[in-house]
Structure formats: C-alpha cells, structure tokens
Amino acid sequence: MTPVPTPAADPRGFLEALFAAAVARADPMQVMATHLPPRPDGRLVVIGAGKASARMAEAVEAVWGPCEGLVLTRYGYARPCAGIEIVEAAHPVPDQAGLEATARLFDLVAGLGPDDHVLALISGGGSALLCAPPEGMTLEDKQAVNRALLASGAPISAMNVVRKQLSRVKGGRLGAACAPARLLTLVISDVPGDDPAEIASGPTVADTSTPEQARAILDRWNIAVPASAHAALSAGVEPVRPGDPRLARAETRIVAAPSQSLEAAAELARQAGCEVRLLGDAIEGEARDLARAQAGQAREIAEAMAPGAAPVLLLSGGECTVTRRGNGSGGPNAEFALAAAIELDGDPRIYVLACDTDGVDGAAEVAGGWAGPGTLDRAGRAAARAALDENDAHGFFGRAGGQVVTGPTLTNVNDFRALLILPGA
C-alpha cells in the first residue's frame, strides 16, 4: 500500500489520497460479491446501465462465471466480460448508440417466464445512457431536453422527474418489462438520500412523480424544451406506480453509497492525525454558493485554531449544480474549487479539493480541481473571477496546474469535497 502523504508536508498529495480512498471504497470489484446471492437455477439474464455498470458486470462474472446479458456504459468505461456484452454510449447527452442499446435491452428481457431471473446493474449516469423517447419525441428532442436540464441549475431530483416523464425506460418501465421473471437490482448510489427511484431515474423501480410536477419544474427553472416534450407531458403517460403487479417479484439492494466512501476517506484522515468534520453526504445547491459557505466555515475554524493544533478536515458529498451563464469548460466540482479559492483569497492555512468520483466533472474528462494558497498568485485573481463568470473552471485549473485527472474510475458515488485547514505558525 502506498504511504499516505502527511497533511502539512504535502497537502495536495494528502487530499488526493483521500479522494482515491473514497473511490476505492465504491469499486464494484470490492463491494459486489457480498450482495450477490448464489447463482440462480434456470435462465439468467444480466442487464444494466451506468458509469459503473460494466465494472459491476465484471464483478458479477468474477463470482458467477460467464452470464448472458447486455450492459450499457459510458464511452471509455467498458470492461472485459466473458459472456455479458458491454455497449458504450454517450453521457451526459444521449446518442444513437444509447438509443439502439436501450431497444436491445427490452428485446433481451421480452418473453421471459416466471422461472427466469434478471439481474439489473444500475449506477449513476444510466439516466442519460438509457434512451427511449416517448411517442412523438425524437433522439434530437431528447438531446435538447438533456442539454437544457444540465444548464438549468436544477437539482438532480428535479431533473429526474422530467426525465422519467419523458421516457419509455425510466421510472420502473424497464423493470416492468422483465415480468413475470424474478428481478434483482443492485445499485451504486450517486444521489443525495440514496433513493433507488432517483438513481439513473429508477429504470427498474416504481415511481410516484407526475407530469404536473415535471411541468412545474420546467417553469420554476425556466427550462426551454421542444414542443414535442410539452405534448408528451400533456399525454400523461405515467411511470410504473408502487404496487404494480409487474414489479411484485422485484427486489432492489444498494451495494455502495456516498456515505461509505466519505467514511473511508475520513478514517484515513483520522489515521493521519486530522480532526474530521463530516458536513453530510447529501448536500445539494449551486456550486459557487456552497463553496463560499464552506470556505467561510474553514476560515472561522482557522482563526480559532491554536498553534500546533491538529489539522481539521471538512468533508462533504452530494451533488452540486451549475447554472450555466458562460460558455467555458467547467463542471460543478471544479467550479466549487474555483469559487472556494476566490473566497479564500490565498489564505495560507487552507487547501481545497473537489472531484467527481466517476472521474468526469460535468462533460470534461477531468475529475475536478485542487486549489491551495498559491493558486490565485499563479494564475491571477482577475483571471479566476473571469473564469468563474464564464463557467470555465476547468480551463482555469488547466492553466493554474490544479486539474485532477484520474481517467475512468469505473464507479460513481457523486461529489467528493474536502477542505484541509492547517494551524498557523
């Protein structure tokens, strides 16, 4: 095991080691086996979607051996499987590959009988990967809806209400298609609260949302969608409701969650001598607003620390959002780190790291950003403020040397945010 850098000697290395520990705790190869029952007799079909789904499929075959099935994941996130077919598609905006693979999933479970078994592997990212527009909507319409939702600043729970109402696969519809086979869904959570109906918009889980709620969300966040989307909402084709007999033989288990990953990082920090303060694993809100609040909290802690005191670590998870104002490249985690750096204004005692555990912050192939006391000096305070105005946090950190690049992590338990506070001299 690689030694963990000490907080004072290498703050960046220390924070990146905590992030790596959080990601490792959610690795499907580490968590899946304990949640798998013995391989069932009879026909078994494995389906799935999400950024972690291919790794989940790999973990299933490590226990059960080769299986029949098809799993849909993001480009670059495929894993070698002996029997389960892995299909890659676009995220966060769906594409033709996702549309075709979703149709194949329905074909795969069609005609199953009561003696058959389906294992569904679901993780964050599945909502965009699974694409089955309702009648009257095209792929291009679905793409326009996704882009508008992502730019709106609406929380993930609100976005998913709209997505479930504008789909033939989400909101339990894929699960209903598996009936009368027995269905077990294993889930890696990437949403605040770990509600399976919210993770990947709940393709195998019953749902209570309504078209009226979706319309209210579009109005509240001023989200412009194609006329075909409004027509679909007016048609009122509801998701699969609780108590639907088609889900009577369905079971859902969460195998990894943000709280577990934060605790893994917290334990490592405690071993390094830090006082850890967990702020919560379900924090939502505008990235820059959360950053200012947590940076302010960190400064208050720093002011109260005695010389020689133990370092303090603020840890939080959940899902930040960004209301798109500019045309830059920057996801919510990088924007959090940038806004925090601006708020801290070079405070010599405080370091910030904010990353997405899937290795992709927003649409960029960058996990997030890191900022220390010298970040603004290297890149310029005016440049930092301009980048925040333009939603160009990734561009800023690329110039400032603060990008955190991991490549595909093959899991997804959402945001990881850490502020390290060292005592003054």
Side-chain angles (χ1 to χ4, degrees), residues 49-51 74-75 77 89-95 97-99 123-131 133 137-167 169-170 190-192 198-202 209 214-226 228-230 233 284-290 318-336 338-339 354-369 388-395 412 414-415:
K51 296 176 185 175
R74 188 180 191 269
Y75 289 119
Y77 281 58
H91 178 281
V93 177
D95 67 356
L99 185 75
S123 66
S127 191
L129 292 163
L130 290 168
C131 182
M137 286 189 71
T138 65
L139 172 61
E140 290 72 22
D141 293 336
K142 287 286 289 184
Q143 291 171 330
V145 169
N146 265 35
R147 292 189 183 99
L149 289 171
L150 293 168
S152 69
I156 186 64
S157 56
M159 287 194 240
N160 283 346
V161 168
V162 177
R163 288 167 171 163
K164 283 184 277 194
Q165 295 300 320
L166 298 176
S167 176
V169 63
K170 304 174 180 68
D190 72 325
V191 300
E198 296 297 327
I199 302 159
S201 296
S209 66
R215 282 193 289 267
I217 287 164
L218 295 178
D219 290 341
R220 178 178 176 183
W221 276 278
N222 297 313
I223 302 170
V225 297
S228 61
H230 289 290
L233 292 176
E284 296 182 278
E286 189 76 19
R288 62 184 67 192
D289 295 337
L290 292 175
E319 183 152 28
C320 292
T321 53
V322 170
T323 302
R324 192 169 183 84
R325 301 170 175 88
N327 295 311
S329 170
N333 286 281
E335 185 150 311
F336 177 97
L338 176 57
C355 293
D356 198 314
T357 53
D358 63 14
V360 179
D361 185 34
E365 303 299 318
V366 180
L388 188 62
D389 290 341
E390 192 64 16
N391 300 123
D392 192 29
H394 284 314
N412 185 13
N414 226 321
D415 296 347

Fill in the blank from the handout: residues 354-367 vs salt bridge (Lys or Arg N to Asp or Glu O under 4.0 Å), sequence neighbours excluded, gives Lys51-Asp358, Arg74-Glu365
Problem - Side-chain touch Asn412/Val360, heavy atoms, less than 4.5 angstrom - result: no
Practice task
Please tell me if the side chains of Leu218 and Leu233 come closer than 4.5 Å, counting only heavy atoms from C-beta onward.
Solution key: yes
Exercise for the section: Enter the distance from Ile217:CD1 to Ser152:OG here, rounded to the nearest 0.5 Å. Expected result: 9.5 Å
Problem - Pro92 to Ala128 - nearest heavy-atom pair and separation - result: O-CB, 3.3 Å
Completion exercise
For Ala200, the side chain to side chain contact (heavy atoms under 4.5 Å, CB included) test, sequence neighbours excluded, returns Ile122, Pro203
Practice task
Specify the closest pair of heavy atoms between Val145 and Ala229, including all atoms of both residues, with the distance to one decimal.
Solution key: CG2-CB, 4.2 Å
Exercise for the section: Locate the shortest heavy-atom distance separating Thr321 from Ala154; write the atom from each residue and the value. Expected result: CG2-O, 3.3 Å
Handout entry: Any side-chain heavy-atom pair of Asn391 and Arg288 under 4.5 Å
Key = yes
Exercise for the section: State which residues pass side chain to side chain contact (heavy atoms under 4.5 Å, CB included) with Ala97; sequence neighbours excluded, sorted by chain then number. Expected result: Tyr75, Ala89, Asp95
Practice task
Compare every heavy atom of Pro155 with every heavy atom of Trp221, then report the nearest pair and how far apart it is.
Solution key: CZ2-CD, 3.4 Å
Handout entry: salt bridge (charged side-chain N to carboxylate O under 4.0 Å, His left out) involving Asp289 - partner list, sequence neighbours excluded
Key = Arg292
Exercise for the section: First locate atom NE2 of His91, then atom SG of Cys131, and finally report the distance between them rounded to the nearest 0.5 Å. Expected result: 12.5 Å
Handout entry: Over all atoms of both residues, closest heavy-atom pair of Glu319 and Asp415
Key = CA-OD2, 3.2 Å
Fill in the blank from the handout: Tightest non-hydrogen contact, residues Cys355 and Gly369, listed as SG-N, 4.3 Å
Problem - Side-chain touch Ser228/Thr138, heavy atoms, less than 4.5 angstrom - result: no
Exercise for the section: Name all residues meeting the salt bridge (charged side-chain N to carboxylate O under 4.0 Å, His left out) criterion together with Glu286; count only those two or more places apart in sequence or in a different chain, and write none if there are none. Expected result: Arg325
Completion exercise
The reported gap from OG1 in Thr323 to CG in Leu150 (rounded to nearest 0.5 angstrom) is 12.0 Å
Just list the side-chain donor-acceptor pairs under 3.5 Å for residues 158-166, sequence neighbours left out, or say none.
unit_1: Asn160; atom_1: OD1; unit_2: Arg163; atom_2: NH1; d: 3.0
unit_1: Asn160; atom_1: OD1; unit_2: Ser201; atom_2: OG; d: 3.1
unit_1: Asn160; atom_1: ND2; unit_2: Glu198; atom_2: O; d: 2.7
unit_1: Lys164; atom_1: NZ; unit_2: Ala197; atom_2: O; d: 3.0
unit_1: Lys164; atom_1: NZ; unit_2: Asp207; atom_2: OD1; d: 2.6
unit_1: Gln165; atom_1: NE2; unit_2: Ser209; atom_2: O; d: 3.1
unit_1: Gln165; atom_1: NE2; unit_2: Ser209; atom_2: OG; d: 2.9

Problem - Min side-chain heavy-atom separation Leu99-Pro94 under 4.5 Å - result: no
